[in-house]
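Computation of the quantities below employed the complete heavy-atom set of this structure, encompassing side-chain atoms and omitting hydrogens, waters and symmetry-equivalent molecules. Chain A is the first sequence line, chain B the second, and so forth, proteins listed ahead of strands; every chain is numbered from 1.
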Amino acid sequence: MQDKLNAIEKAALESLESVKDQAALDAWRVAHVGRSSPLMQVFAELGKLSKEERPVVGQAANKVKVALEAALAERTEAVKAAALAKALEEEQLDVTLPGRTVNVGHLHPSTQQLRRVLAILADMGFQVYTSREVETDEMNFQMLNFPPHHPAREMQDSFYVEAGERGDNPILMRTHTSPGQIRAMREYAATNPSDPPAIRIALPGMCFRYEQVTTRSEMQFNQVEGLVVGKGITFADLKGTIADFAQRMFGQGARTRFRASYFPFTEPSAEVDAECFVCGGKGCQVCKNSGWLEILGCGMVHPVVLQNGGYDPTIYSGFAWGMGPERQLMLRYKINDIRYFWGNDVRFLSQF
Amino acid sequence: MKLPISWLKDFIDVSDLSVEDIARKLTLAGMEVDEIHYVGLAMPDYSKGEKHEFKTTGISWQKDKLVVAEIREVMPHPNADRLTLCDLYDGSEQHTVLTGAPNIFHLKGMGKLDKPLKVAWAKEGSTLYDGHAEGLVLTTLKRTKIRGVESYSMVCSEKELGISEEHDGIILLADDAPAGMSLVDYMGDAVLDISILPNMARNANVIGLARELSAMTGRPLKKPTIQYATSGESIEGKVSIEITNPELNPRFVLGLIRNVTIQPSPYQVQRRLRLAGVRPINNIVDATNYAMLELGEPLHAFDYDVLVERVAQIDNLRHDIKIITRNAADGEKLTTLDGNTRTLTASNVLVCDEKGSLSLAGVMGGAESEVYDASKEVLDATGVEAKAGEVTTGKASTRSVNTTNILLEGAAWNFINIRRTAKQHNLPSEASFRFSRGVHPALAEMGVRRGLQLMAEWSGGAIAPGLVDNYPLPPKEAVVDITPKEVKRLLGIELSAQKIAELLGHLEFECSIYGEIVTVKTPPHRLDIGEGVIGVADVLEEVARSYGYDRIPETRISDPLPPQVGNPIHEWEERARDILVSLGIQEVVTYRMTSPEREGRLVSFDDYTRIANPITPERTTLRRSLVASVLEIVEKNARAESLSLFEVGPIFEPRKNDVPNEPRKLAIVMTGRRLASAWDVKDSPAMDFFDLKGRIELLLAGLRYIDVSYVPTDSVSYLHPGKAAEVKVNGQVIGVFGELHPLVKEKYEVGDKPVLVADFDLDALRAASPAYGIVPVAEFPPVFEDIAVIVDESVPAARVEALIKQTGGKGVSAVSLFDVYRDEKIGTGKKSLAYNLTYQAADKTLTDAEAAAIRNKIVKRLEQELGAKLRG
Ligand SMILES: [Zn+2]
């Protein structure tokens, strides 16, 4: 009987070796451990054996059963693993196919840059002040210490607006955001004319110059100015504020230098250069081999401007600075044609 | 202003500073150096890692290869008529040098020269510009044979040395140039190209720049001593000056020099003038230009004999000249040196004699009078440069061609008036550049004296004793008081009164100290210092510059933070931009300037804000329609498969004789496919009305407007009358949107897909109050149900939805239309609308029976009010 059991076990295990899938597994189970399998026949016929033989054969048959079931379990695992491996292999994607896209909108790069600047200024306590784009000569020039026919006006050629006879006060497209300085000072001063409050504002907006549109010059451009007015504001504060601003704008460690300059509405005036962030100051095409990039103009608010804004220049002082977001973008992204900004080609806009 | 370093060195010792050091110091003090042009001096060696600081051009001369030499004899070339062989001595050896220079050709075969010619000689291996090449091409001098004669060196033209474009002849140096001396040591130079700021007109000259450098380095300024011998009769009594408007002509000075010989100026003078950007003409013209570049005072030379002749024409017994300055008569004509006849206005000032006008004061000489005939090319210094070849071709009247008597003018003019005149007649010149920025009247006399001195030196003339000086209106002497306290208050640095006086003293301010007050007197070369608080600011700037901006510390504002008022309009618009972008719409920013024709394709208006001086006929008015601007951008990007663009900004509504209104608008334009084509997206449908409407709904929801309604409109001319709606928020119309009218669309090159546009009035929208509070998130589970009702085609979906919501009340928390269906079974003129209903109660879980009760109520209402039928 033991020989028979051995034969059953051997045949079953041999047959299991060729089992490769679930169907074969099921068939094998029926054939070798199923109710009518030879092994089960042995169990069924135990009753026919002698009292002495019965436990011996029973035990031996049981051993075979355990062995076959274990082999089946093992084989089942192997078949599953093989099936999974096959499935995984068959499900391979071409991962180089493009991803599925959605419609994406972007803010115009100028808006993004204005936001960067205004966010830094907001952290420094500067609030946004906006004002109109079409101005009077008085607000755009005269109040800012550009008398009629003054040579300084040559620095800012203007677009004039037809508006009947207005003598020395024609209407024009603002050439800078600075008329907002006068408007803001007057608004603040009106709240308490005898002791006007301090001011710390940022003035963003579109400005216009009578210039041919070329790769380097535009007839319209954004500007952001910062304005501080108070009772203890110094040129040293201006330098410190600009240095702080530059660290945020151009990175910690950004070096700046002040060059004496001239703007009618500030005095002393300065132009600020930042060390070229492209070449680290060694000289390159971007900085025209100077190692420095002109980033902004600034100065102490001219006493005439303070006066025109309702602030007594013997008590108050202040400073202002102005910069161009489009110029900053050109440096930051190596844009060599300023016409891209208002050209609004979506192939340009979608890169920001 | 172009500053040759060699000229600067006449007035300040900067021998220990590099050219870059000088340029940096000037730049930091406000005289920005745009470029350094090397003409001989050694350039920094960038290949060795020396730092670039300036745009650099030009050439350095090799010290051992380029030297001063002398030509002792000019001999014929054995095989070439046009060439000569020079016997040249370089200080130690003789050489034979081959040249074709025309300016020594006449000396060929004349034997040993009495006076050797001093020349710039380049040895074998020298690096120079190729004189025969177009433009500037560097070349190295090699040993060669020319027509059988060996050549290994050459005598140089200005072009070869990078001094100018001149290649017609070789440079002939002054007789005292030492043979053997390295050329770079003899005349190596570098030119700083400096931008002169409007308030620094005083520095548009060599002495001005030397003075600034002196203040910044603490080195003494070597002021020129203008002393000269005089002879003959005094000018006094021979010339008089009448000034009719001292406001416009505060000073007029005349000097006289007799018997000048007109000839080329010494070589070094010509070289400096060229480097400074002025073409040398002859010793007289050059003297006026040289004095102007050096001191800043433009001068004007008259032919004295011609003026005398003109007086004699009036009264042949008279020899005394009277110069008159006066305003022109309106419509008076003057032919200027450039040959143009100009019609003058009363604000223009003329320099005249009794016979007529001589020049447009401070701007350009006149050509009409006989002064012009006799001396136009020769003598006018304030106008455009004359042509070099015509130096002696003037028609001689009462004088021999090459000898003459010169009356030299130095004057002061009102700078604003000169600026207007120069602009009015479009006449920029070296003179008007300076006069239109302000030249101190004190310089008039100094300028004339310097001019006379140079003329005498270069022309051998005899200066007449005295000057005729009419000075009716000296400028008010600007005196400003400043204190260390003011310096501290405005600059943030502690300086003693003594220190302040010292800093200003470097710039030639005269300071006296009374206790804590420094009284500052403005030096007589500048007009930029004002009075009172302005004067204080002007002087403080000079204190800061003299102290050095770089030495002022960086501090943080100690003033308390001002009132925080924010900018709600700006913040709200930024929020709207963010929502629009999140909806997949791209922001654009367009030109404010457009034209009625451009906008007219979409919409026309009665009136526009017009630009008085448009830069192009394309942009003559300020935009009135933001949609029109964005549509142009859509057109420019028409190749894109799908476009969704928006712009936020002002339009301009004209007001009579006043600034326009600038209402804020939002424009959205969408067109093209809903989805971009891709490997698994083919033929996505075109966007239509509802793509735009969906975005508008989301925008308004994002801005927290709940009471929003859409009303059909056929009154917007550029919109399809059946596909257009007004948007109402809280009952107020805030904008319109829809599909572009087919006839309007035809005018744009935007493809065949529908174009959806929206035009919102942001000021009106912002005025609407947003919803307060939120809709609570339901705690109990909802019951969902679909119902479909058949209604007449004329019943708007919005009406059905409103009735469902109204009838369902709080029991229905959401209604959404998911299908619109039409077919014959339903019946013609009918449509089926299918809705998802969500039943929900705030306080319990609804049973099916409760939901059914609500549903029945709704259906009944729809049947009653709309004749609707529930679909099976
Ligand atoms: Zn660089």
Side-chain angles (χ1 to χ4, degrees), chain A residues 97 101 103-108 110-111 125 127-128 130 132-134 149 151-152 159-164 171 197-200 210 219-220 230-237 239-240 243 258-262 267-268 270 282-283 288-291 300 302-304 313-314 317 342 344 346 349, chain B residues 27-30 51-55 197-199 416 419-420 436-437 490-492 533-534 537 541 544-545 549 552-559 561-563 565-567 570 577 580-581 584-592 609-613 615 633 637 640 650 657 659-660 662 676 679:
Chain A
L97 282 173
T101 137
N103 294 328
V104 180
H106 308 255
L107 289 171
H108 189 279
S110 295
T111 304
Q127 304 171 76
V128 175
T130 44
R132 58 171 32 261
E133 295 182 1
V134 184
H149 309 294
F159 282 109
Y160 288 91
V161 166
E162 286 179 8
I171 291 170
I199 299 176
R200 210 173 294 179
Y210 187 84
M219 56 198 268
Q220 104 178 9
K231 284 181 182 166
I233 308 297
T234 69
F235 191 80
D237 292 342
K239 282 192 71 177
F258 271 57
R259 275 187 289 115
S261 191
Y262 170 73
E267 191 169 32
K282 281 205 216 57
K288 294 190 199 112
N289 275 336
S290 73
M300 299 299 290
H302 196 280
V304 165
T314 63
S317 54
W342 320 138
N344 290 297
V346 290
L349 298 178
Chain B
T27 296
L28 290 177
K51 206 181 123 163
H52 264 291
E53 267 191 85
F54 296 93
K55 187 183 169 204
L197 295 166
N199 69 331
I416 285 175
R419 178 173 177 269
R420 287 174 79 168
S436 67
R437 284 164 172 77
L490 293 164
L491 297 183
V533 285
I534 299 169
E541 179 169 67
R545 281 197 322 119
Y549 280 15
I552 295 175
E554 292 171 357
T555 55
R556 290 210 166 81
I557 300 169
S558 53
D559 220 34
L561 200 65
V565 294
N567 189 321
H570 177 77
R577 282 190 170 96
L580 288 160
V581 162
I585 313 179
Q586 170 68 49
E587 188 188 20
V588 298
V589 178
T590 63
Y591 286 107
R592 266 47 165 179
T609 307
R610 292 178 189 278
I611 301 297
N613 57 334
I615 204 156
I633 302 303
N637 286 287
N657 201 18
V659 290
E662 300 181 8
W679 54 276

Structural part of [X] lying under 4.5 Å from a heavy atom of chain A:
{"X": "Arg610(B)", "value": "both"}
{"X": "Ala537(B)", "value": "both"}
{"X": "Asp559(B)", "value": "both"}
{"X": "Arg419(B)", "value": "side chain"}
{"X": "Thr27(B)", "value": "both"}

Do [X] and [Y] come close enough that some side-chain heavy atom pair is under 4.5 Å?
{"X": "Ile534(B)", "Y": "His302(A)", "answer": "yes"}
{"X": "Val161(A)", "Y": "Ile611(B)", "answer": "yes"}
{"X": "Leu561(B)", "Y": "Arg200(A)", "answer": "yes"}

Taking [X] for the side chain and [Y] for the main chain, is one N or O donor matched with an acceptor at less than 3.5 Å?
{"X": "Asn637(B)", "Y": "Val346(A)", "result": "yes"}
{"X": "Glu587(B)", "Y": "Thr111(A)", "result": "no"}
{"X": "Gln220(A)", "Y": "Thr590(B)", "result": "yes"}

Compare every heavy atom of [Y] with every heavy atom of [X], then report the nearest pair and how far apart it is.
{"X": "Leu490(B)", "Y": "Met300(A)", "answer": "O-CE, 3.5 Å"}
{"X": "Asp237(A)", "Y": "Thr555(B)", "answer": "OD1-OG1, 2.6 Å"}
{"X": "Phe235(A)", "Y": "Ile552(B)", "answer": "CD2-CD1, 3.6 Å"}
{"X": "Val589(B)", "Y": "Asn344(A)", "answer": "O-ND2, 2.6 Å"}
{"X": "Pro268(A)", "Y": "Glu541(B)", "answer": "CA-OE2, 3.2 Å"}
{"X": "Arg132(A)", "Y": "Pro660(B)", "answer": "NH2-O, 2.8 Å"}

Greatest number of heavy atom pairs closer than 4.5 Å to chain B - which of [options]:
{"options": "Ala198(A), Gly125(A), Ser290(A), Ser317(A)", "value": "Ser290(A)"}
{"options": "Val104(A), Val304(A), Thr101(A)", "value": "Val104(A)"}
{"options": "Leu107(A), Asn103(A), Ile199(A)", "value": "Leu107(A)"}
{"options": "Ala236(A), Gly240(A), Ala163(A)", "value": "Ala236(A)"}

Spacing of [X] atom [atom1] and [Y] atom [atom2] [to the nearest 0.5 Å]:
{"X": "Tyr591(B)", "Y": "Met219(A)", "atom1": "OH", "atom2": "CE", "value": "6.5 Å"}
{"X": "Thr130(A)", "Y": "His570(B)", "atom1": "OG1", "atom2": "NE2", "value": "7.5 Å"}
{"X": "Glu162(A)", "Y": "Asn613(B)", "atom1": "CD", "atom2": "CG", "value": "9.5 Å"}
{"X": "Ile633(B)", "Y": "Leu349(A)", "atom1": "CD1", "atom2": "CG", "value": "8.5 Å"}

Subject >> Best-contacting candidate, Leu491(B), Thr609(B), Val588(B), against chain A by heavy atom pairs under 4.5 angstrom >> reply: Leu491(B)
Original post:
Pick from Pro198(B), Ala544(B), Gly492(B): which one has the most heavy-atom pairs with chain A under 4.5 Å?
Top reply: Pro198(B)
Subject >> Contact origin within Pro197(A) toward chain B - heavy atom pairs under 4.5 Å >> reply: side chain
